[in-house]
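First up is the structure itself, then whatever we jot down about it.
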Amino acid sequence: MNTSKTKDKYQIAIIPGDGIGKEVMDATILVLDELNIDFHYVYGEAGDECSEKTGTPLPKETLDIIRNADACLFGAAGETAADVIVKIRQEMKMFANLRPVKSYPNTNALFDDVDFMIVRENTEGLYIANKEELTEDGAIAKRIITKKAEERIIDYAFNYAKENNKSKVTAVHKANVLKKSDGLFKQIFYDVAEKYPDIEAEDFYVDATAMYLITQPQNFEVIVTTNLFGDILSDEGAGLVGGLGLIPSANIGENGALFEPVHGSAPDIAGEGKANPIAMMLSSIMMLRYLGENEAADKFEAAILKVLNDGETLTSDLGGSSSTIEVAEAIKNNL
């Protein structure tokens, strides 16, 4: 990620998407506009509603908006999520998916001292579903793991650890069963680790990791893993720290970056003003750090922490009764 401010004005692609995506996006922009940074927002459409309206869930115009922006904020997509977010990641070559798992106060977190990053490969593996087919007997899905993609993501994880004063990187795989594909991943991991002698390297099977996330999550600092495993483990991580309303993410690539909450469009509560905007806000803080606006990022995060510590303005998922916008107003007032 960039570490120093590069310009005075930023063009930000805003893709609210479906359901609560619009609500949490509005709440986040309410706070971003108080930060005294010159953002120029360019709005694009994507998702279920866009598909009904235009015939496609991801119009070319939206992709062009993302390509031309310094960064993109994305809300949520509904049933068309695979056709939207996966395609954006592929089109923009966003190879790294970052999902921080961190304990905050008054959030029903199982532990108060969890703080680790999941670095997930974003471009291949089962999750992209490009080799799926139906047969007479059932269905086939091919899992493709390449040296280039895995070397790139593993090196990214070690470099992230180095830049963020982390002392350990953990590889997660299933090489005891998937001996060729995950065996290759494990081999590449230890080859890359040799370039970073000051950072401890360890590996666990994905099923063991699922258990350790519950029994000893404090032992993790940076986890690096393949696409599908990363998706599953990050949702488990959300359960550790109070739910999906608190997990942001970043998609980083050679040609751009997109920031989004891990939660979906939540049609059951869409339009009711109940959605927790904090995951979207934390995603925008990741964007600020990517842009080199570290002072603003610190200020924004401190305001969120103050509101959570006070415990008076919380959405229903955290045991409160405040609305999405009420939470945003409280955070804005604490900047």
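The structure presented is a predicted model; accordingly, all values stated were derived computationally and were not measured.
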* Heavy-atom distance under 4.5 Å between the side chains of I278 and L308, does that happen here? -> yes
* Validation row: I12, M287 side chains within 4.5 angstrom (heavy atoms) -> yes
* **Pairs satisfying salt bridge (charged side-chain N to carboxylate O under 4.0 Å, His left out), at least one member in residues 226-243, at least two apart** => R99-D231, R120-D231
* Structure fact -> Residues passing the side chain to side chain contact (heavy atoms under 4.5 Å, CB included) test with K299, sequence neighbours excluded, are L35, L335
* Asked: Do Y205 and H173 have ring centres separated by under 6.0 Å?
  -> yes
* Asked: Among E202, E221, E200, whose side-chain hydrogen bond (donor to acceptor under 3.5 Å, both in side chains) with T170 holds?
  -> E202
* Exam field: side chain T54 to backbone C50, donor-acceptor pair closer than 3.5 Å -> yes
* Show your reasoning for whether side chain to side chain donor-acceptor pair (under 3.5 Å) applies to N68 and Q11. => CA-CA 8 Å; N68 293 329; Q11 182 162 307; over 6 Å; no
* Asked: How many angstroms lie between atom CZ of F220 and atom NZ of K168, to the nearest 0.5 angstrom?
  -> 7.5 Å
* E121 and T123: side chain donor to acceptor below 3.5 Å -> yes
* According to the interplanar angle, ranging from 0 to 90°, do the rings of Y41 and Y43 count as parallel (below 30°), tilted (30 to 60°) or perpendicular (above 60°)? -> perpendicular
* **Closest contact, heavy atoms only, A175 versus K186** => CB-CD, 4.4 Å
* Asked: With the threshold set at 4.0 Å, does a side-chain nitrogen-carboxylate oxygen contact exist between D207 and K174?
  -> yes
* Is it true that D310 and K306 make a salt bridge, defined as a side-chain N closer than 4.0 Å to a carboxylate O? -> yes
* To do: Apply side chain to side chain contact (heavy atoms under 4.5 Å, CB included) to D298 and list each qualifying residue two or more places apart in sequence or on a separate chain.
  => R289
* Structure fact -> Exactly one of K195, K148, K147 clears salt bridge (charged side-chain N to carboxylate O under 4.0 Å, His left out) with D155, and that residue is K195
* Mind telling me whether Y10 and F39 have parallel, tilted or perpendicular rings, with 30° and 60° as the class edges? => tilted
* **Spacing of OG1 belonging to T80 relative to CD1 belonging to I85, to within rounding of 0.5 Å** => 10.5 Å
* Are T315 and D317 close enough, and set up right, to give a side chain to side chain donor-acceptor pair (under 3.5 Å), and what steps lead you there? -> CA-CA 6 Å; T315 45; D317 60 312; 2.6 Å; yes
* Asked: Hey, does Y196 have a side-chain heavy atom less than 4.5 Å from the side chain of N159?
  -> yes
* Just wondering, do E151 and D191 contact through their side chains at under 4.5 Å, heavy atoms? -> no
* Asked: Salt-bridged, K274 to D268, with N to O below 4.0 Å?
  -> no
* Asked: What heavy-atom pair brings A109 and Y104 nearest, and what distance separates the two atoms?
  -> CB-O, 4.5 Å
* Separation of I118 CD1 from S249 OG (nearest 0.5 Å) -> 11.0 Å
* To do: Check step by step if side chain to side chain donor-acceptor pair (under 3.5 Å) holds for E124 and T146.
  => CA-CA 8 Å; E124 61 184 23; T146 65; 2.8 Å; yes
* Please answer whether the main-chain N or O of P248 pairs with a side-chain N or O of S283 as donor and acceptor at a distance below 3.5 Å. => no
